[in-house]
Amino acid sequence: MAVEDAVRGLKERLEDFIKISLSGKTVRIEVKIYQKIISPVSRSEPTDDTNIATNMCLLMADFRSVGGPEMVTKVYAICPMNENEVDAKTTRQLANQRLKMDYDRLKEANIIFQEKYF
């Protein structure tokens, strides 16, 4: 996608915000962190071949341009709702590491935003 396309509002990924910023325009984005429940998802247990309906949780972030409707949504992790506390903490840490990598990319492009984590 060209910078011109991104400026016209065809933002589909974080890289589009980065292209705009690197072209010399000031970019400010708001970050919204949330969990979305997906229900039901079939999941096979390793002890048998029977599928069990399991609610899944998506750890997600919306990146919205300040003053505009443009928004990019990313999923940083997915996990079953019945996950034990150790696994849930590991999943959050993984999601936060992935989020930090994106934050570093945005900082390098001088994009203005406030960091938020799961």
Side-chain angles (χ1 to χ4, degrees):
M1 177 179 294
V3 171
E4 297 78 23
D5 292 334
V7 170
R8 284 197 319 264
L10 300 176
K11 295 163 193 72
E12 299 172 347
R13 45 197 189 115
L14 291 181
E15 190 65 30
D16 299 328
F17 289 124
I18 292 169
K19 284 182 183 179
I20 293 170
S21 182
L22 293 177
S23 74
K25 297 187 184 291
T26 300
V27 177
R28 289 182 179 85
I29 58 175
E30 295 174 348
V31 181
K32 177 185 173 191
I33 302 296
Y34 60 99
Q35 297 180 7
K36 183 175 183 177
I37 307 302
I38 305 293
S39 167
V41 174
S42 293
R43 177 176 170 216
S44 296
E45 295 295 325
T47 57
D48 59 28
D49 293 330
T50 307
N51 286 333
I52 298 173
T54 304
N55 290 338
M56 300 297 284
C57 177
L58 302 175
L59 301 179
M60 303 178 67
D62 289 342
F63 298 85
R64 183 181 301 274
S65 64
V66 174
E70 297 85 7
M71 184 173 68
V72 173
T73 300
K74 290 190 70 173
V75 175
Y76 285 92
I78 184 169
C79 59
M81 288 299 296
N82 58 355
E83 204 171 40
N84 67 47
E85 185 57 35
V86 172
D87 289 341
K89 183 177 179 181
T90 301
T91 300
R92 280 192 311 274
Q93 288 175 337
L94 176 64
N96 285 334
Q97 289 173 348
R98 291 174 176 167
L99 194 54
K100 176 78 169 108
M101 289 170 45
D102 279 340
Y103 286 159
D104 290 344
R105 290 174 48 217
L106 296 173
K107 285 180 189 175
E108 286 177 18
N110 297 317
I111 294 175
I112 301 164
F113 66 98
Q114 181 179 1
E115 291 184 27
K116 298 178 183 175
Y117 291 95
F118 297 101

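Each residue takes its place number in the sequence, starting with 1. Heavy atoms only: backbone and side chains are in, while hydrogens, waters and symmetry mates are out.
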Nearest-0.5 Å distance that lies between atom CZ in Arg92 and atom CD in Gln35:
8.0 Å

Between Ile29 and Val27, the two heavy atoms sitting closest are CG2-CG1, 4.1 Å

Test: Lys100 and Asp104 ion pair at under 4.0 Å
yes

What's the separation between atom CG in Leu59 and atom CG in Leu99, rounded to the nearest 0.5 Å?
10.0 Å

Kindly say whether Tyr76 contributes a backbone atom to a donor-acceptor pair with the side chain of Arg98 at under 3.5 angstrom?
yes

Which distance, rounded to the nearest 0.5 Å, do you find between the CD1 of Ile18 and the CZ of Arg105?
4.0 Å

Given the rule that I, L, V, M, F, W and Y join up when any side-chain heavy atoms are under 4.5 Å apart, are Leu106 and Leu22 in one cluster?
yes

Run the salt-bridge test on Glu30 and Lys116 with the 4.0 Å N-O cut-off and return the result as yes or no.
no

ILVMFWY cluster, Phe63 and Phe113 together (side-chain gap under 4.5 Å):
yes

Value rounded to 0.5 Å, distance of SG in Cys79 from CE in Met56
6.5 Å

Which heavy atom in Ile78 sits nearest to a heavy atom in Thr91, and how many Å separate them?
O-CG2, 4.5 Å

For residues Met81 and Cys57, report the shortest heavy-atom separation together with the two atoms involved.
SD-CB, 3.4 Å

Is the terminal nitrogen or CZ of Lys36 (NZ for Lys, CZ for Arg) located under 6.0 angstrom from the six-membered ring centre of Tyr34 and within 45° of that ring's axis?
no

For a quick test of reading the model, state the closest non-hydrogen atom pair linking Ile20 to Ser23 and the distance between them.
O-OG, 2.6 Å

Are any side-chain N or O atoms of Ser21 and backbone N or O atoms of Ala109, one a donor and one an acceptor, separated by less than 3.5 Å?
yes

Rounded to the nearest 0.5 Å, what separation is found between the CE atom of Met71 and the CZ atom of Phe17?
9.5 Å

Ignoring hydrogens and geometry, is there a side-chain-to-backbone donor-acceptor pair from Asn96 to Phe118 under 3.5 Å?
yes

Is the backbone of Arg13 close enough, under 3.5 Å, to the side chain of Asp16 for a donor and an acceptor to pair up by distance?
yes

Quick one: pull up NZ in Lys89 and CD in Glu85 and give me the separation to the nearest 0.5 Å.
8.0 Å

Given ring pair (Phe, Tyr, Trp, His ring centres under 6.0 Å), test Tyr117 with Tyr103 step by step and report yes or no.
CA-CA 10 Å; Tyr117 291 95; Tyr103 286 159; 5.4 Å; yes

Are Leu94 and Leu58 joined in one hydrophobic group, where the rule is that I, L, V, M, F, W and Y side chains link up if heavy atoms are under 4.5 Å apart?
no

